[in-house]
Amino acid sequence: MFAVRRIFNRMQMPLYKSYTTNSKLVEVTHEDATGITTISMARPPVNCLDKALADALTTSLMEAQKNQSKGVILTSSLPSVFSAGFDIMEMYNRSEKYLTEYWTLLQDMWLTLYGLEIPVAAAINGASPAGGCMLAISCEYRVLVEGKHTIGLNETKLGMSAPIWIKNPYIDTIGYRKAELALLKGTLFQPKEALEIGLVDELVADKTSAIKKCEEYITSFKKIPALGLRTTKKVLRTNNLLWLKENRKTDLNNFLALIQVPSVQAGLKLYIESLKEK
């Protein structure tokens, strides 16, 4: 788990309370006025999902549901990046034990996010390749800030393949044929393209607008009985959740077999070196 520092803001209005929980990796804000919890990833420079950030996200999401939040907004505190996805450094030149621990934490994080019973919306304020796209499509509503950034699953360009538990929600979101071509080519979509294919639900000019749209989505369930909402979301997502729950070991073995292939490790090394030159 991760250590947190909680700050309570005293407001003039007695019925309005808010608190912010800060760690080195996430910033969590809850407002009693709306009942909404906002979780902002805060791991510069690009919110790569390392072991610590994955664990911090899992903890924050579980706490939001435990505290009976009306919904969660997932976003980034960084100005131009939502998340660059899985951390290459966590997968390069690592022992099998380390890789096993890393992948298990990612599985846990996804099961928590995708399986959360309350509404979850993504305010995507920047680049979202690979695991960043995974985070976005695991939320049931997505608002993307316009700009030069892209979103999509581009694992094939690194000689890798997105696991089934990421592929299936991708297919569910944009349809089989579009997903098939996009996955094979490792396509990253510009904001307008992402909207056209249904990868995101709305485009907005800035992060403030994205947060507002996500709040509107969550509050739109105000008159929907919580039990009905919770049950329906569970039914809609059961198949994908069950696949990973029943095949965690197989999924782990597939990852270990692929990531340890010499050509894949060589590709990761080249990618890391290219980043150092930028």
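Computed from a prediction, not measured in an experiment: that's the story for all the values here.
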Between [atom1] on residue [X] and [atom2] on residue [Y], distance to nearest 0.5 Å:
X	Y	atom1	atom2	result
Phe189	His149	CZ	NE2	14.5 Å
Arg142	Cys133	CZ	SG	8.5 Å
Glu90	Leu268	CD	CG	12.5 Å
Leu111	Ser138	CG	OG	10.0 Å
Met134	Ile166	CE	CD1	5.0 Å
Ile197	Lys178	CD1	NZ	7.5 Å

Test: Lys51 cationic atom under 6.0 Å from Tyr98 six-membered ring centre, within 45° of axis: yes

Distance to the ring centre below 6.0 angstrom and angle to the axis at most 45 degrees; does that hold for Arg94 and Tyr102? no

Output, in order, the C-alpha distance, side-chain angles, deciding distance and verdict of side chain to side chain contact (heavy atoms under 4.5 Å, CB included) for Ile36 and Ser69. CA-CA 6 Å; Ile36 296 173; Ser69 295; over 6 Å; no

Can you confirm whether [X] sits close enough to [Y] that some side-chain heavy atom of one is under 4.5 Å from a side-chain heavy atom of the other?
X	Y	answer
Thr34	Lys70	no
Val28	Thr37	yes
Asn254	Leu258	no
Leu244	Asn240	no
Thr187	Leu181	no
Lys213	Val204	yes
Ile272	Tyr92	yes
Arg43	Ser83	no

Within the 3.5 Å criterion, strictly below it, is a donor on [X] or [Y] matched to an acceptor on the partner's side chain?
X	Y	answer
Ser209	Asp206	yes
Ser76	Asn47	yes
Asp251	Trp103	yes
Asn239	Asn168	no

Same cluster or not: [X] versus [Y], using hydrophobic residues (I, L, V, M, F, W, Y) connected whenever any side-chain heavy atoms lie under 4.5 Å apart?
X	Y	answer
Phe221	Ile73	yes
Ile137	Val145	no
Val46	Leu153	no
Phe86	Tyr114	yes
Tyr170	Val200	yes

Of the non-hydrogen atoms in [X] and [Y], which two are nearest, and what is the gap between them?
X	Y	value
Gly198	Thr173	O-CG2, 3.4 Å
Pro45	Leu78	O-CD1, 3.3 Å
Leu144	Pro191	CD2-CA, 3.6 Å
Phe82	Ala136	CE2-N, 4.2 Å
Thr100	Thr104	O-OG1, 2.7 Å
Glu146	Lys192	OE1-CE, 4.2 Å

Sub-3.5 Å donor-acceptor pair from the side chain of Gln265 to the main-chain atoms of Ile259, do we have one? yes

Taking only residues two or more places apart in sequence or in another chain, which ones pass side-chain hydrogen bond (donor to acceptor under 3.5 Å, both in side chains) with Gln65? none

Tell me every residue that passes side-chain hydrogen bond (donor to acceptor under 3.5 Å, both in side chains) with Glu140, counting only those two or more places apart in sequence or in another chain. Tyr217, Lys233

Test salt bridge (charged side-chain N to carboxylate O under 4.0 Å, His left out) applied to Glu215 and Lys212, step by step: CA-CA 5 Å; Glu215 290 174 346; Lys212 182 178 179 181; over 6 Å; no

Given Thr75, which of Val143, Ile39, Ile211, Ile124 fulfils the side-chain contact (heavy atoms from CB on, under 4.5 Å) condition? Ile211

Between Trp165 and Trp110, does the ring centroid distance fall short of 6.0 Å? yes

Does Glu101 form a salt bridge (charged side-chain N to carboxylate O under 4.0 Å, His left out) with Lys97? I'd like the steps, not just the answer. CA-CA 6 Å; Glu101 292 173 353; Lys97 180 178 182 295; 2.6 Å; yes

Walk me through whether Asn247 and Leu242 qualify under side chain to side chain contact (heavy atoms under 4.5 Å, CB included). CA-CA 8 Å; Asn247 296 277; Leu242 274 180; over 6 Å; no

Please determine whether side chain to side chain contact (heavy atoms under 4.5 Å, CB included) holds for the pair Leu49 and Leu57, giving the CA-CA distance in whole Å, both sets of side-chain angles, and the decisive distance to 0.1 Å. CA-CA 10 Å; Leu49 291 166; Leu57 282 172; 3.8 Å; yes

Start with the C-alpha gap between Ile151 and Gln190, add the side-chain angles, then the distance that decides, and say whether side chain to side chain contact (heavy atoms under 4.5 Å, CB included) holds. CA-CA 7 Å; Ile151 182 172; Gln190 300 288 336; over 6 Å; no

